[in-house]
Amino acid sequence: MVASVSGGLKPAPVAALEQKFLQQLILGTQANTPVWDDPEPELEAIAFKLEIEREAAMERIAKKQQTKQLAQQINSQLHMSLKTELANQLASLDIIQRHSPVSDKHLLLLEMLHSPQLDLNRLRPAVASQAWLVRDLTNMVNSPVFGARRPQNKDLQVSDLKLVLGYIGMDNLRLLIPFYICRHWLPLGHTGLLWINRKLWRYAQIQGVATRVLAALHEQDGALLYALSLMRQLGASVVLGMGASIFEQLRGNWLKEASKARDKELYDAVAVSEFPALEIFQQVQEHAMRLNWQLPQALGFADSALITWLQELEDKQGFEQMPLLAQLVAKASCYAQSLLLDESHQLSFRDKQLLNSYYAMSEQELIRLQGQNYRKLSLF
């Protein structure tokens, strides 16, 4: 049996298991990763093409021992340069703001959704200011799945934002808008992050489903908990995106220099450099949870209730000291981590008991959570 560790400061074995999960998320293999609601389906073909080109360069390098050593040296130098530059940028909130996809308009929208005075007339201008969000919501309303919800007009293509919001309804908007905003924050467009993004988004969505289950059980605001569970990926998304951008810029500059010098061996050595997942993982581990609330505070939302909840989730004083809402989000995260580690055969029965004990998971909570389908997204 596992001794009870419920409540107090997080014990080392629990922290180690959560670190193992983060490693699996960022450093783990991509094989057998279930993909639903893929945030960037068009990128896989590009990533595949680049991998073919990399393999061709690897074959050329393999023929010469001297070139092989050069490739190893270049890979090490590139990763070290990335590590130094990323650490320097993450030391400044001003720089983070410039490179972050998170804006004050996004945060204002998320905050508005939980205002007791909110109505569609107040919400519409805020949504209209984000063209990509208008597009996503409009596509949702015009999709075959949503068409079944409005059978009288299912063949009519809706384009007017007022009608789009009216068809969706306020209760569903409180779920859909955080869904689209937090997906928008993912560091999309980077081939090196293709599989990491898919795993991170699936983890976020499992948390979201789990928080709504726990909210219903404990008679809490499910939409608020859902938004918090997705927003909890803010810091990781920002650090991953900054790391990928720096790597691509460094690698691109080195490729240009090698091409300009007409040095084919140097060009191939740079071309086969591996994505620096380990170096970026280390920065995610150090900065992500803190950035969840520090970045919104820097954007002018220090007094926002949502950001206060995110700060509570940093878990500095131990699970037992958290308010109930934060505890429910933490429980959902625990369950999502357990589920995904179990899928990759990295969680023993004893490990699962340890996590459930620290997060005080009740038998009723586990029964409700285990009864959900985490491979099919259903917001409505």
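This structure is a prediction, so every number in the text was calculated from the model and none was measured.
Between E365 and K331 there is a salt bridge, since a side-chain N of the basic residue sits under 4.0 Å from a carboxylate O of the acidic one. Between K264 and D268 a salt bridge is recorded (basic side-chain N to carboxylate O distance below 4.0 Å). Salt-bridge formation is detected for the pair E343/R202: a Lys NZ or Arg NE/NH1/NH2 atom is positioned less than 4.0 Å from an Asp or Glu carboxylate oxygen.
Remark: the backbone N or O of L113 is paired with a side-chain donor or acceptor of R174 at under 3.5 angstrom. Using a distance-only test at 3.5 Å, with no hydrogens or angles considered, no donor-acceptor pair links the side chain of K10 to the main chain of A15. A donor-acceptor pair is defined here as one N or O able to donate and one able to accept, closer than 3.5 Å; such a pair exists between the side chain of N292 and the backbone of G235. No donor-acceptor pair closer than 3.5 Å links the side chain of N75 to the backbone N or O of S273. Between the S115 side chain and the M112 main chain, no donor and acceptor come within less than 3.5 Å of each other. The main-chain N or O of F319 is found under 3.5 Å from a side-chain atom of Y358 such that the two form a donor-acceptor pair. A donor-acceptor contact shorter than 3.5 Å links the side chain of N197 to the backbone of P187. Side-chain atoms of N142 come within 3.5 Å of backbone N or O of T138 as a donor-acceptor pair. Side chain of T84 to main chain of M80: a donor-acceptor pair is present (N/O by atom type, distance under 3.5 Å, no hydrogens or angles). Formation of a donor-acceptor pair under 3.5 Å by the S92 side chain with backbone atoms of N88 is not found in this model.
To the nearest 0.5 Å, atoms NE2 (H106) and OG (S100) are separated by 9.0 Å. The OH atom of Y374 lies 7.0 Å from the CG atom of L339; values are rounded to the nearest 0.5 Å. The distance from atom CZ of F281 to atom CG of L22, rounded to the nearest 0.5 Å, is 4.5 Å. Considering CD1 of I168 and CD1 of I177, their distance stands at 7.5 Å, rounded to 0.5 Å. Between the CZ atom of R232 and the SG atom of C182 there is a distance of 13.0 Å, given to the nearest 0.5 Å. Here the CG atom belonging to L366 is positioned 5.0 Å from the CG atom belonging to N356, to the nearest 0.5 angstrom.
Under the 4.5 Å side-chain criterion, counting only non-hydrogen atoms from C-beta, Y335 is not in contact with L214. A heavy-atom distance below 4.5 Å is not found between the side chains of K20 and Q24. In this structure, the side chains of L107 and S304 stay at 4.5 Å or more apart for every pair of heavy atoms. At least one side-chain heavy atom of Y226 sits under 4.5 Å from a side-chain heavy atom of Q205. Q282 has its side chain within reach of K83: a pair of non-hydrogen atoms, C-beta onward, lies under 4.5 Å apart. Contact of the L25 side chain with the I196 side chain is not registered, since no non-hydrogen atoms from C-beta on lie closer than 4.5 Å. Between L278 and I26 there is no side-chain heavy-atom pair separated by less than 4.5 Å. Using a 4.5 Å cut-off on side-chain heavy atoms (C-beta onward), E248 and R251 make no contact.
Counted within 6.0 Å of CD on Q249, heavy atoms from surrounding residues, nucleotides or ligands total 12 or fewer; the atom is thus considered open. Summarising the local packing, CG of D303 is surrounded by 12 or fewer heavy atoms from other residues, nucleotides or ligands at distances under 6.0 Å.
One hydrophobic cluster, built from ILVMFWY side chains closer than 4.5 Å, cannot hold both I95 and V238; they sit in different ones. Note on L324: it clusters hydrophobically with L224, by side-chain heavy-atom contacts below 4.5 Å among ILVMFWY residues. Cluster annotation: I367 and L328 are assigned to distinct hydrophobic clusters (Ile/Leu/Val/Met/Phe/Trp/Tyr, side-chain heavy-atom contacts under 4.5 Å, transitive). Follow the hydrophobic side-chain contacts under 4.5 Å out from L118 and you reach F301 in the same cluster. By the criterion of side-chain heavy atoms lying less than 4.5 angstrom apart, applied directly or through intervening Ile, Leu, Val, Met, Phe, Trp or Tyr residues, L165 is grouped together with Y167 in one hydrophobic cluster.
Closest of all the heavy-atom pairs between K199 and G28 is NZ-O, 3.2 Å. Minimum heavy-atom separation, D119 to R122: OD1-N, 2.9 Å. Annotation for L234 and P296: closest pair CD1-CG, 4.1 Å, computed over non-hydrogen atoms. Residues S103 and L299 come closest through the heavy atom pair C-CD1, 4.2 Å. The shortest non-hydrogen separation linking I280 to A244 is CD1-N, 4.0 Å. The two atoms that bring A215 and G222 nearest to each other are CB-CA, 3.5 Å, heavy atoms only.
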If you apply the rule side chain to side chain contact (heavy atoms under 4.5 Å, CB included), what do you find for T211 with L228, and how did you get there?
CA-CA 9 Å; T211 52; L228 286 171; over 6 Å; no
Step by step, would you call F179 with W201 a ring pair (Phe, Tyr, Trp, His ring centres under 6.0 Å)?
CA-CA 10 Å; F179 172 92; W201 188 232; 5.4 Å; yes
What's the verdict on side chain to side chain contact (heavy atoms under 4.5 Å, CB included) for M231 and L306, showing C-alpha distance, side-chain angles and the deciding distance?
CA-CA 9 Å; M231 292 176 72; L306 280 172; 4.2 Å; yes
Kindly determine whether L225 and Q220 satisfy side chain to side chain contact (heavy atoms under 4.5 Å, CB included), including the steps that lead there.
CA-CA 8 Å; L225 288 170; Q220 299 297 318; 4.1 Å; yes
What verdict does the side chain to side chain contact (heavy atoms under 4.5 Å, CB included) test give for L109 and L133, after you've listed the backbone C-alpha separation in whole Å, the side-chain angles of each residue and the deciding distance to 0.1 Å?
CA-CA 11 Å; L109 252 173; L133 181 57; 3.6 Å; yes
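Judged by the 6.0 Å distance and 45° axis criteria, R135 is not positioned over the aromatic ring of W132.
Donor-acceptor pairing under 3.5 Å is lacking for the side chains of Q69 and Q73. Using modelled atom types and a 3.5 Å distance limit, the side chains of S333 and Y359 yield no donor-acceptor pair. Side chains of Q233 and W185: a donor-acceptor N/O pair is absent below 3.5 angstrom, by distance only. Judged by distance alone, the side chains of E18 and Q337 never bring a donor and an acceptor atom under 3.5 Å apart.
Tested against L291 for a side chain to side chain contact (heavy atoms under 4.5 Å, CB included), the candidates V102, L310, V284, L93 yield a single pass: L93.
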